[in-house]
Structure formats: C-alpha cells, structure tokens
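Keep in mind that what you see is a predicted model, and the values were worked out from it rather than measured. FYI, side chains are in, hydrogens and waters are out, and symmetry mates aren't considered; it's all heavy atoms of this structure.
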Amino acid sequence: MEQADATRTAYRTCPLCEAGCGLEITVRGPEVVRIRGDRDDVFSHGFLCPKGSSLKQLHEDPDRLRRPLVRRDGRFVEVGWDEAWAEVAAGLGGVIERHGRAATALYLGNPGAHNLGALTYTRSVIKALGTRNVFSASTVDQMPKQVASGYLFGGPATVAVPDLDRTSYLLMLGANPYASNGSLCTAPDFPGRLQAIRARGGKVVVVDPRRTKTVEESDEWVAIVPGTDALLLAAIVQVLFADGLTAPGRLADVTDGIDDVAAACARFTPESVSDRCGVPADVIRRLTRELASAETAAVYGRIGTCVSEFGTTASWLVDVVNLLTGNLDRAGGAMFPLPAVGAANASGRPGIGAGFRTGRGHTRVRGLPEACGEYPVAALAEEITTPGDGQVRALVTVAGNPVLSTPNPDGALDAALAELEFMVAVDIYLNETTRHAHVILPPPSALQRSHYDLALLGFAVRNVANYSEPVFPRADDEPDEWEILARLALIAQGAPPDCDVALLDDATAASMLRHAVTDERSALAGRDPDELFALVSADGRRGPERLLDIRLRTGPYGDGFGARPEGLSLDALLAQPHGVDLGALEPRLPGALRTASGRIELASPVLLADLDRLATTVVERAADELWLVNRRDLRSNNSWMHNLDVLTRGKDRCVLQVHPADAAVRGLETGDLVQVTSGDGVIEVRAQVTDSVRPGVVSLPHGWGHDTSEARLSVAARRPGVNVNRLVGTSSIDPLSGTSALTAVPVRVLTLR
Ligand SMILES: Nc1nc2c(c(=O)[nH]1)N[C@H]1C(S)=C(S)[C@@H](COP(=O)(O)OP(=O)(O)OC[C@H]3O[C@@H](n4cnc5c(=O)[nH]c(N)nc54)[C@H](O)[C@@H]3O)O[C@H]1N2
Ligand SMILES: Nc1nc2c(c(=O)[nH]1)N[C@H]1C(S)=C(S)[C@@H](COP(=O)(O)OP(=O)(O)OC[C@H]3O[C@@H](n4cnc5c(=O)[nH]c(N)nc54)[C@H](O)[C@@H]3O)O[C@H]1N2
Ligand code: SF4
Ligand SMILES: [Mo]
C-alpha cells in the first residue's frame with residue numbers, strides 16, 4: 001500500500017490542446033503537488049504553457065461535476081449513476097418511441113478529440129442512435145481543410161502539415177500558435193520551432209488581420225483584409241504560372257489537373273485582388289518569388305483561413321501552392337505524418353481508394369449537404385425548432401458547449417435547446433449548454449484517465465507515440481468516460497440501463513480483429529481472430545486500452561502479434577513513459593493517396609467551380625461597418641477553462657480591440673462601453689484601442705458569456721465576458737464544407753460610454 005504522504009512522480013501527456021506536451025506530475029497521496037514540463041518527453045522536451053500546469057486546479061475545481069445531475073422541476077439534483085441511467089433510458093427511449101430515431105441528434109465537442117475514451121466509443125453512440133443528425137465543432141473549425149484534403153488526396157484525414165523543423169520558409173495564414181500552440185500541426189513548443197527557423201537563416205511570414213505575438217516574432221506581417229485568403233492564394237498561384245515558377249518535381253507524374261488550375265486561376269492577377277485583400281500587388285509577387293526560390297518552403301493555413309465563406313477553397317489553394325512549388329511531400333515542405341495508430345491512408349491497398357465526396361445526405365430544413373458524416377452545426381437550431389417529420393427532439397452532447405462556441409444569433413441556439421423533449425450531456429461542468437440537459441453524466445477528471453492522442457498524432461511534425469496511464473485511480477462509483485459512452489450506446493440501442501458494457505466492448509475488439517485478419521497486406525493476414533482476441537484480453541485488458549493495443553500492434557510500427565517482435569504494442573509503450581520517437585516525417589506519396597484515380601486530383605470540379613464563386617462574389621462593407629475577427633488568448637481554451645482562477649485572474653481579456661483610426665471616428669477610448677451590432681445580434685462590451693488590428697477590423701475572443709445564473713461556474717461567473725457568437729448568423733457558411741464564417745462578420749460599433 002502506498003503511504004498517504006509518499007511523494008511520487010507521474011508522467012502524462014497534456015490533453016488540453018493539440019501540442020500534447022509531456023507533463024511531469026508530482027503527487028502526494030490524492031494531491032497534485034506540482035506539474036512541470038517533462039524534460040525527457042521525446043517530443044516536447046520540457047515545454048509547457050500556463051494551461052498545462054492548471055490541470056491541478058481543474059482536477060481540484062469544486063464546480064467540476066463528480067456525480068450525475070438530473071433536472072427535476074427546473075432544478076438540478078445530484079443522483080447516483082443507476083438513477084441517472086434510468087432517466088436516460090426513459091428520456092431517450094421515449095423520444096425514439098414517439099418520434100423515431102431521426103428525431104435524435106448528437107453534438108460532439110472539441111475535448112473529445114483529445115480523449116482516448118471518446119475517440120474509441122463515440123462512434124458506437126452514433127451508430128446506436130441510428131441518426132444522420134451528427135453535428136460537431138468541426139464545422140466551426142477544420143472541416144474545410146478535411147474536405148479540401150479529401151478531394152485532393154482521397155482521404156479527409158490526409159492533411160499535409162508544415163515540416164516546421166526542416167523548412168527554410170514558412171508562409172503562415174490565419175494561425176497564431178503563440179496563443180493557440182498550433183492546430184492541424186501537432187508541435188509542442190511551436191514558438192520555439194518558429195524561432196529555430198529564423199535562427200537557421202530561414203524566414204517566417206504571417207498573414208493575419210491582427211499583429212499577433214506570432215507576427216511580432218516573425219520576419220514579415222501581411223495585414224490581410226479578413227475573409228480574403230482564398231483570393232490572395234489564388235493570386236499566388238496565378239503568379240507561379242504566369243512567371244514560369246512552377247516546379248512540382250516528382251509529383252508532376254502523379255498529379256492530374258495542373259493545367260486546369262492554371263487556366264482557372266489566370267483571372268486572379270495580383271492587381272485584381274490587391275484592393276480586396278488589402279495587400280499590395282508587388283508584395284504578392286515578391287512573396288510568390290520567395291516561396292518559389294526558397295530552398296524548402298511550406299504554406300500553412302489554419303483557422304483564420306477555414307472559418308470563412310471560402311474556407312475549403314482557401315485550404316485547397318494552400319496545398320496547390322505547396323505542390324506547385326515542389327514542396328508537397330518533401331522534407332522541409334508540407335508532409336504527411338505516418339502515425340502509429342489510426343491512419344486510414346496507411347491500411348488497405350496503397351495509392352488508390354474510393355475517393356471522397358460530400359452530400360451523402362442533406363439536412364431536413366435547409367437541404368445542406370453532409371461532409372465527413374456530419375451536418376453543419378449552423379443548422380442545429382433550425383432542426384430543433386422547425387416542425388415536421390424528423391424534427392430533432394432529443395440531443396446528446398459529448399464534451400461540447402455549442403451555446404458559446406457555435407453560431408447562436410441573438411441566442412437562437414440557446415432558445416432552441418430549451419425546446420428539446422430530452423437532452424443528455426456527457427460533460428464535466430454544468431454550463432451554458434449543459435444547463436439545458438435533463439441529465440448530465442460527468443466523466444472523471446483527466447488525471448483519472450489514461451491518454452493516447454489517437455487523433456492528433458496524425459497531424460504531428462514528427463512521428464511519435466506516447467501512452468499515459470491514469471495518475472489517480474477512480475472510485476467504484478466513478479465510471480470512466482468510455483464506460484459512460486458505451487452504456488449510452490447500449491441504452492440508445494434499446495438495452496436496459498443496467499446492461500453489461502463488456503458486451504459492447506468485447507464486440508468492438510473482436511470486430512476490429514476480424515477486420516484486421518482479412519487485410520491481405522497485414523502481418524495478421526490469415527491469423528485466427530479468436531486466438532488474437534484471447535491474446536489481447538489475457539491480462540484483463542479491456543476498453544480503450546485493449547482497442548489501442550490492437551491498433552498499435554496492427555499499425556505501421558506494430559509488432560504484428562509476433563511478426564515483428566521489436567515493434568510497438570501497448571506493453572512497449574508502457575515501458576516508455578516519455579514516449580517513443582519514430583522519426584522525422586518521410587515522403588508518403590503516392591502510397592498515401594486514396595483517390596479513385598490513384599492520382600493527386602488537383603482540379604476537382606467542385607473546387608474549380610468554387611473559383612467562379614470566388615471571382616464573382618463581391619463583398620461590400622458599408623462605410624460605417626467594421627470586420628469582426630476572432631482571437632485566442634494563451635490562458636483560454638475555447639469556452640471551458642474560465643472557471644480556473646489561475647487562468648482568468650488579471651486584466652479583463654474579453655474586450656473589443658479597435659484600431660485608433662476607427663476609434664477616433666467613433667469618439668472611442670479604451671475602457672468605453674460599446675454596442676456591437678451585426679445583422680444577427682447585438683452585444684455590449686468594453687473596448688480597447690490598439691493598432692494591433694488593421695484599420696477596419698475589430699476583434700473579440702470567443703468562448704465567453706458566462707452570465708447565466710443556471711450554470712455552476714462560480715469563478716467564471718465573476719468575469720463572464722460576452723458571447724461573440726451571438727453576433728454570428730447561421731446563413732453565412734462555406735457551402736463546400738458547411739463551416740460557419742466566423743471571421744469577417746460585418747458589424748457596427750457604437751460608443752455608449
Ligand atoms: N467565434 C468563434 N467561435 C469559435 C471559434 C472561433 O475561433 N471563433 N473556434 C471554434 C473552435 S476551433 C472549436 S474547436 C469550438 C469548440 O467548441 P466546443 O467543443 O463545443 O466547445 P468547448 O468550449 O471546447 O467546450 C468543451 C466542453 O467540453 C467539456 N469538457 C471538458 N473536458 C471534458 C472531458 O474530458 N470530457 C467531457 N465529456 N467533457 C469535457 C467542457 O465542460 C465544455 O462543456 O469552438 C469554435 N467556436
Ligand atoms: N490558448 C488557446 N489555445 C487553443 C485554443 C484556445 O481557445 N485557446 N483553442 C484550440 C483550438 S480548438 C484550435 S482549433 C486551435 C486554433 O489555432 P489557430 O488556428 O492558431 O487559432 P488562433 O489562435 O485563433 O489564430 C487564428 C488567427 O487568424 C486570424 N484571422 C482571423 N480572420 C482571418 C482571416 O480572414 N484571414 C487570416 N489570414 N487570418 C485571420 C486571427 O486574427 C488569429 O490571429 O487553437 C487551439 N489552442
Ligand atoms: S501547449 Fe497545450 S498541450 Fe502543451 S501544456 Fe499547454 S495546453 Fe497542454
Ligand atoms: Mo478547434
């Protein structure tokens with residue numbers, strides 16, 4: 001038995017953002033003494049940000065839910081798990097009985113992408129509900145990049161990431177890794193890696209309407225007008241062709257459509273886009289020449305390029321430029337990781353596949369197309385409030401706070417959730433969204449769970465694998481997140497609330513193995529799945545651990561159940577608490593392609609057609625309107641870490657940044673109260689006058705607005721901020737991916753004082 005006061009050290013990957021830093025956690029009994037960066041972590045080498053160490057405060061937060069809550073007569077009461085599950089079975093079952101499965105919907109939030117239990121069992125919940133109404137944070141985030149990658153390479157997860165550690169030129173659009181620590185580019189200490197580019201004589205150029213910290217630490221700031229990245233990139237493509245600067249190198253032989261792209265982009269001369277982008281034509285020409293002549297270069301676009309009406313086209317053009325300059329799939333350019341687990345582009349027949357399409361279903365009310373198995377979250381409220389066959393009456397949320405994080409024009413989504421006949425939330429807080437739930441099912445603290453970055457290591461700048469064991473044990477009445485999801489799935493299927501989750505767990509593992517042995521190229525081909533099942537279950541391993549073990553062993557570095565004894569397995573990772581470095585990224589094309597043609601499809605008709613829309617869309621801003629853009633702050637995490645005093649103390653961060661020229665016109669000074677009005681909503685907030693935004697642009701962070709008395713967020717309520725997404729409408733979306741245009745929202749700013 002461990003002594004109550006014995007001190008020990010645990011190593012664990014931070015689950016809070018995509019960087020996935022290694023943490024060294026000093027523990028005494030049930031207490032966290034200290035959290036530091038793990039200097040021996042093979043990937044993060046000791047780096048951590050202020051959020052990483054706040055896992056201690058998150059673990060201790062008295063507002064974090066420990067027991068299920070059930071809403072009775074408008075009030076939440078704590079109940080035991082059996083009672084909560086009985087409510088779920090009655091509530092969900094009732095809706096399905098009365099209205100059918102089409103009346104159910106799911107919303108999946110961001111922390112689920114950092115969570116092994118959610119990543120392995122959410123799919124079961126979707127399948128069990130049997131609904132097409134799947135919504136997630138992806139359509140306020142990276143869906144455009146996935147759709148563009150799907151068309152180009154045949155798989156929506158075949159995303160090219162900038163090879164930060166070897167590039168000599170980085171053109172970065174719509175990303176601020178000094179605040180965000182990076183996204184679709186897993187790179188702990190992203191700032192350090194940027195500094196290293198410059199230290200080795202390379203150049204970093206940042207395209208952003210704001211002069212961010214990332215801009216300040218770079219060589220050049222291109223202060224673009226928001227929402228116009230696709231135009232800027234199209235002009236770069238135009239110059240590459242017009243000036244004879246294209247050099248796709250070895251990929252020319254496996255690429256279709258280069259000439260079509262040349263023809264379609266010919267109209268986007270730098271002079272023709274310059275005014276709209278706010279970037280001088282000679283700057284566009286120079287940047288293009290620099291990209292073409294750099295020894296190696298990578299173009300990297302992130303959320304600023306995605307959350308616009310042309311998000312997919314901009315994301316596509318990023319890779320068009322990478323390819324045309326010979327930088328796609330080569331060291332120092334933009335490359336495709338080969339993770340130890342989870343790469344769809346590493347299994348099955350190499351180099352060819354079924355290809356990619358969207359629109360395999362359409363939303364009931366507006367007829368918006370599906371993408372990657374989801375509908376646009378901008379359609380969620382109308383699906384709940386519009387009567388008719390298939391009207392959504394029951395909602396399951398998992399790790400999501402859509403009331404703050406998705407378009408909620410003047411509170412329309414908030415109001416819609418209140419109309420649901422039944423809502424169940426798997427969440428750790430009673431917050432702006434979960435207050436509408438009838439039952440809240442809280443998973444344990446992150447420190448009571450194991451971790452493996454199943455999703456995000458697929459976007460990492462090095463191939464690494466790292467598994468963490470739980471730091472603290474769970475009590476008997478604290479089910480793990482995967483158990484909650486597995487039981488939810490079984491209940492959704494119609495099983496009784498006290499059903500045995502082992503049924504689903506065993507079935508999932510067995511089916512994974514049956515599938516693995518049928519792949520002729522796999523080291524397991526022809527093996528007996530029952531024998532393998534016995535092997536992976538022998539030591540009592542269950543749940544995500546068993547599934548992870550199977551996927552590691554059958555993956556590209558796996559031990560193949562004996563075929564490659566030195567290969568990876570969960571046991572091998574358990575022996576390496578600081579992770580395993582599997583090396584720098586290596587070229588993967590054409591093998592990673594899964595297009596139907598077996599080629600890079602550079603000129604998908606869908607994308608070419610969108611260039612026509614890009615050329616003909618005239619965005620007018622009234623003289624008194626400003627463009628609203630977002631910003632992230634290092635000590636935030638979307639909407640949900642504002643209940644930790646260590647992260648929120650200090651100056652109010654939820655303020656509207658206004659350029660001095662725009663402030664002068666409005667007689668506005670720092671600290672004044674202003675009214676911000678869009679076509680969809682109105683909010684009041686304090687202003688900060690600063691030249692860190694370009695003229696004509698104002699900026700607010702998202703994730704604030706903790707002012708409802710029904711939430712249980714005592715710290716956040718003291719400093720609520722305002723919900724910027726009350727200004728964002730649901731009609732302005734990128735039609736190719738269904739992603740909301742969160743940036744470049746036209747607003748009027750009125751000084752109230
Ligand atoms: N205007 C504007 N809006 C934006 C953005 C923007 O840039 N501008 N960014 C968008 C982006 S990129 C994203 S990803 C979305 C995020 O959108 P969401 O994912 O909907 O919102 P989050 O704020 O991340 O909410 C996470 C929820 O998960 C809960 N949670 C935290 N940890 C766990 C856990 O371990 N298990 C479970 N079950 N629940 C947990 C929290 O309590 C919270 O309710 O916001 C988007 N919204
Ligand atoms: N501290 C912190 N870290 C986070 C998060 C957080 O909320 N807080 N959220 C996490 C999540 S879920 C994600 S998806 C990532 C996102 O990671 P990033 O993509 O790096 O996101 P941001 O830091 O918001 O940087 C986006 C930048 O785009 C700029 N921008 C806005 N509109 C435009 C435009 O039209 N064009 C161009 N070129 N730029 C534009 C903004 O000014 C901003 O500086 O961050 C993750 N990390
Ligand atoms: S950068 Fe991200 S992963 Fe690293 S400590 Fe901070 S929040 Fe955690
Ligand atoms: Mo995100």
For this session: Report the residues that fulfil ring-ring contact (aromatic ring centres under 6.0 Å, His included) with H578, sequence neighbours left out, ordered by chain and then residue number.
Result: Y11
Exercise. Counting distance only, does the side-chain N/O of W316 pair as donor-acceptor with the main-chain N or O of P144 below 3.5 Å?
Worked result: no
For this session: Give a yes or no on whether a salt bridge exists between D610 and R613, defined as a side-chain N under 4.0 angstrom from a carboxylate O.
Result: yes
Problem set entry | For A264, side chain to side chain contact (heavy atoms under 4.5 Å, CB included) partners two or more places apart | R267, L608, L611
Problem set entry | Listed once per pair and sorted, the salt bridge (Lys or Arg N to Asp or Glu O under 4.0 Å) pairs that draw on residues 252-265, sequence neighbours left out | D256-R599
Exercise. How many angstroms lie between atom OG of S597 and atom CD1 of I352, to the nearest 0.5 angstrom?
Worked result: 7.0 Å
Exercise. For H45, does the NE2 atom have more than 12 heavy-atom neighbours from other residues, nucleotides or ligands under 6.0 Å away?
Worked result: yes
Exercise. Is it true that atom CZ of R564 has more than 12 heavy atoms of other residues, nucleotides or ligands lying nearer than 6.0 Å?
Worked result: yes
For this session: May I ask you to check whether N638 and R632 show a side-chain donor-acceptor distance below 3.5 Å?
Result: yes
For this session: For residues 306-324, pull every pair meeting salt bridge (Lys or Arg N to Asp or Glu O under 4.0 Å), keeping only residues two or more places apart or in separate chains.
Result: K145-D319
Seminar exercise, completed: Heavy atoms of S180 and C17 approach each other most closely as O-SG, 4.0 Å
For this session: Mark yes or no for whether T739, through its side chain, and V140, through its backbone, hold a donor-acceptor pair below 3.5 Å.
Result: no
Problem set entry | Side chain W221, main chain D208, donor-acceptor under 3.5 Å | yes
Exercise. Within a radius of less than 6.0 Å around CD of E586, do more than 12 heavy atoms belonging to other residues, nucleotides or ligands occur?
Worked result: no
Problem set entry | Exercise: do T214 and N176 side chains pair donor with acceptor under 3.5 Å | yes
Problem set entry | From CA spacing to verdict: side-chain contact (heavy atoms from CB on, under 4.5 Å), V206, E217 | CA-CA 10 Å; V206 183; E217 300 293 329; over 6 Å; no
For this session: Mind checking the SG-CG spacing from C14 to D38? Nearest 0.5 Å is all I need.
Result: 12.5 Å
For this session: Verify, without hydrogens or angle tests, whether D219 (side chain) and V204 (backbone) share a donor-acceptor contact under 3.5 angstrom.
Result: yes
Problem set entry | Closest non-hydrogen atom pair between L736 and V147, with its separation | O-CG1, 3.9 Å
Problem set entry | Listed once per pair and sorted, the ring-ring contact (aromatic ring centres under 6.0 Å, His included) pairs that draw on residues 151-192, sequence neighbours left out | Y151-F356, F153-F336
Exercise. Do side-chain atoms of Q142 reach the backbone of C306 as a donor and acceptor pair under 3.5 angstrom?
Worked result: no
For this session: Could you tell me whether a side-chain N or O of R166 sits under 3.5 Å from a main-chain N or O of T296, the two making a donor and an acceptor?
Result: no
Problem set entry | Sidechain-backbone polar pair: N322 side chain, V299 backbone, donor-acceptor under 3.5 Å | yes
For this session: Report yes or no: does N463 contribute a side-chain atom to a donor-acceptor pair with the main-chain N or O of L338 at less than 3.5 Å?
Result: yes
Exercise. Is it true that the side chains of E295 and S168 contain a donor and an acceptor less than 3.5 Å apart?
Worked result: no
For this session: Could you tell me whether a side-chain N or O of D453 sits under 3.5 Å from a main-chain N or O of L456, the two making a donor and an acceptor?
Result: no
Exercise. So, D141 and R302, do they make that salt bridge, N to O below 4.0 Å?
Worked result: yes
For this session: List for me each residue that meets side chain to side chain contact (heavy atoms under 4.5 Å, CB included) alongside R123, sequence neighbours excluded, and say none if there are none.
Result: I126
Exercise. Would you say the side-chain atoms of D519 and S522 include a donor-acceptor pair closer than 3.5 Å?
Worked result: no
Problem set entry | R289 bridged to D243 by N-O distance under 4.0 Å | no
For this session: Taking atom types as modelled, find out whether T269 and Q238 have a side-chain donor-acceptor pair closer than 3.5 angstrom.
Result: no
